[in-house]
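FYI, the numbering just counts along the sequence from 1.
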Amino acid sequence: MTFERFTVEARKVVVTAQEEARLLRHSHIGTEHILLGLLDVPDGMAAKVLRQLGYDKETAQVDIAGVVKPGTEELSGHIPFAPRAKKTLELALREAQQLHHNHIGTEHILLALVKEGEGVAAKVLAERIDPISKIRAAVLASVEGSQDVAAGPWPAGTPATEDTVSTASALAGGAPVGSHHLLEAMLRAENSMAARVLRDLGVDPGAVAAKIDELDPETTTDANPEEAAARKMEIRLVDDEVHLILRDPTTVTIAKKVTELSGGPIKGVGPVAGLFVPLWRSTNQLLLQFQRVLEPEPEEEDGSAASKAAKAVRALLAPRLRR
């Protein structure tokens, strides 16, 4: 199916679901990966509703690990949807239509997971939230207030627009999509009108990328705290240690206070180790993403928006990572 009616948050869910499947070395994207994707978008209505019901990503990871075992082989390239996951996305469209919504948001995907009923996601949710109908009731109550909205005013977009928005969203990661993400994504949208116009005018994608890296977004209306902090981060390999460095003032201030209260470095000893698990998972997932960007490009592509976005992101990030 196409994803032009999906909100930015819903698109992130689809992209993250593929990454979760890859991280677990699963050959298909299942409903369990979609559930993890929903919980990985904290500002989406689905994640908010599930948190209100006492269900978070860490709980989901434990529940899913008890039902589905990791694969044994590393995967590259596009990972297809399993039949139940495909059905879930189709049901999400129906849920949006029944609620007379123009876009498919995370709330519709969550409603679809519950309605599908037989997938791993529905089963693990039913074990924790009894009856599972509480989820639907909570979503509908929240929908009356607001719903996830698309990043732009378009009720629908052309394939080129879909590719551009998907790529821009992937470039932004968890931060808000900025105009610089859209600019680079437009230049990389193959055969699009925008890319053709810009190139006919002599706009070089490499020169644009270099200028974006040179300028400070904090001096523009694209400034946001997430990207500002991320631009100060660094990962270093020192002998057999991986050093994750954060330099933003907010994190440094908090770290100083924690160190003052603890009297020194905090180590993953005993029950404290559990608090480090989400950071360990996120770091490994990030390193695997870097690895996939830097590895030779896979030959097989299915032409989907997610596949095109992955190709564009690889083209944009690989030269920067090799500097």
Quiz item: CE of M233: more than 12 outside heavy atoms within 6.0 angstrom?
Solution: yes
Exercise. Give a yes or no answer on whether the side chain of R84 reaches the backbone of V120 with a donor-acceptor pair at less than 3.5 Å.
Key: no
Quiz item: Under a 4.5 Å cut-off applied to non-hydrogen side-chain atoms, are L24 and V68 in contact?
Solution: no
Quiz item: Are L171 and L317 side-chain neighbours, meaning at least one heavy-atom pair lies under 4.5 Å?
Solution: yes
Exercise. List the atom of A185, the atom of A168, and the distance in Å for their closest heavy-atom pair.
Key: CB-N, 3.7 Å
Self-check item: Gap between atom OG1 of T7 and atom NZ of K12 - 0.5 Å precision
Solution: 9.5 Å
Quiz prompt | Shortest non-hydrogen contact from S192 toward M186 | solution = OG-O, 3.8 Å
Exercise. Compare all side-chain heavy atoms of T16 with those of L36 and state whether any distance is below 4.5 angstrom.
Key: no
Quiz prompt | Residue pair P217 / R231: nearest heavy atoms and the distance that separates them | solution = CG-NE, 3.5 Å
Return a table of donor-acceptor pairs under 3.5 angstrom between the side chains of residues 241-250 and protein atoms on other chains or two or more places apart.
unit_1	atom_1	unit_2	atom_2	d
E241	OE1	H243	NE2	3.0
R247	NH1	K232	O	3.2
R247	NH1	E234	OE1	3.3
R247	NH2	E234	OE1	2.8
D248	OD1	T251	OG1	2.9
D248	OD2	T251	N	3.0
D248	OD2	T251	OG1	2.8

Exercise. Would you indicate whether the side-chain heavy atoms of L125 and L50 approach each other to under 4.5 Å?
Key: yes
Quiz item: Donor-acceptor pair, T59 side chain versus Y55 backbone, under 3.5 Å?
Solution: no
Quiz prompt | Q285 to E19 - nearest heavy-atom pair and separation | solution = NE2-CB, 3.8 Å
Self-check item: Flag, side chain of R320 to backbone of L316, donor-acceptor distance under 3.5 Å
Solution: yes
Self-check item: Results of side chain to side chain contact (heavy atoms under 4.5 Å, CB included) for K267 - residues two or more places apart only
Solution: V269
Self-check item: Side chain proximity check, E118 to K87, heavy atoms < 4.5 angstrom
Solution: no
Quiz item: Out of curiosity, F6 CZ to L89 CG, how far, rounded to the nearest 0.5 Å?
Solution: 5.0 Å
Quiz item: Roughly how far, to the nearest 0.5 Å, is CG of L110 from NZ of K48?
Solution: 14.0 Å
Quiz item: Sub-3.5 Å donor-acceptor pair from the side chain of T164 to the main-chain atoms of A160, do we have one?
Solution: yes
Practice problem: List for me each residue that meets salt bridge (Lys or Arg N to Asp or Glu O under 4.0 Å) alongside R136, sequence neighbours excluded, and say none if there are none. | Solution: E95
Quiz item: Is the CD atom of E127 crowded by more than 12 outside heavy atoms at less than 6.0 Å?
Solution: no
Quiz item: Is there a donor-acceptor pair under 3.5 Å between the side chain of H26 and the backbone N or O of K69?
Solution: yes
Quiz item: Taking C-beta and beyond as the side chain, do K57 and P278 meet within less than 4.5 Å on heavy atoms?
Solution: no
Exercise. Please round to the nearest 0.5 Å and tell me the distance separating atom CG of D63 and atom CG of L35.
Key: 9.0 Å
Practice problem: Would you give the length of the straight line joining atom NE2 of H180 to atom CG of D222, rounded to the nearest 0.5 angstrom? | Solution: 5.5 Å
Practice problem: Taking R314 for its side chain and E295 for its backbone only, find out whether a donor-acceptor pair lies under 3.5 Å. | Solution: yes
Practice problem: To the nearest 0.5 angstrom, please state how far the CD atom of E184 sits from the NE2 atom of H181. | Solution: 8.0 Å
Self-check item: Test item: Q289 and L286 side chains (from C-beta on) under 4.5 Å apart, heavy atoms
Solution: yes
Exercise. Kindly indicate, with the supporting measurements, whether the criterion salt bridge (charged side-chain N to carboxylate O under 4.0 Å, His left out) is fulfilled by E214 and K211.
Key: CA-CA 5 Å; E214 175 189 332; K211 180 57 69 174; 3.3 Å; yes
Self-check item: Within-4.5 Å side-chain heavy-atom neighbours: Q97 and L93
Solution: yes
Quiz prompt | Nearest atoms (heavy-atom pairs only) where L38 meets A47 | solution = O-CB, 3.5 Å
Quiz item: For the residue pair A46 and T106, what are the closest heavy atoms and their distance?
Solution: N-OG1, 3.1 Å
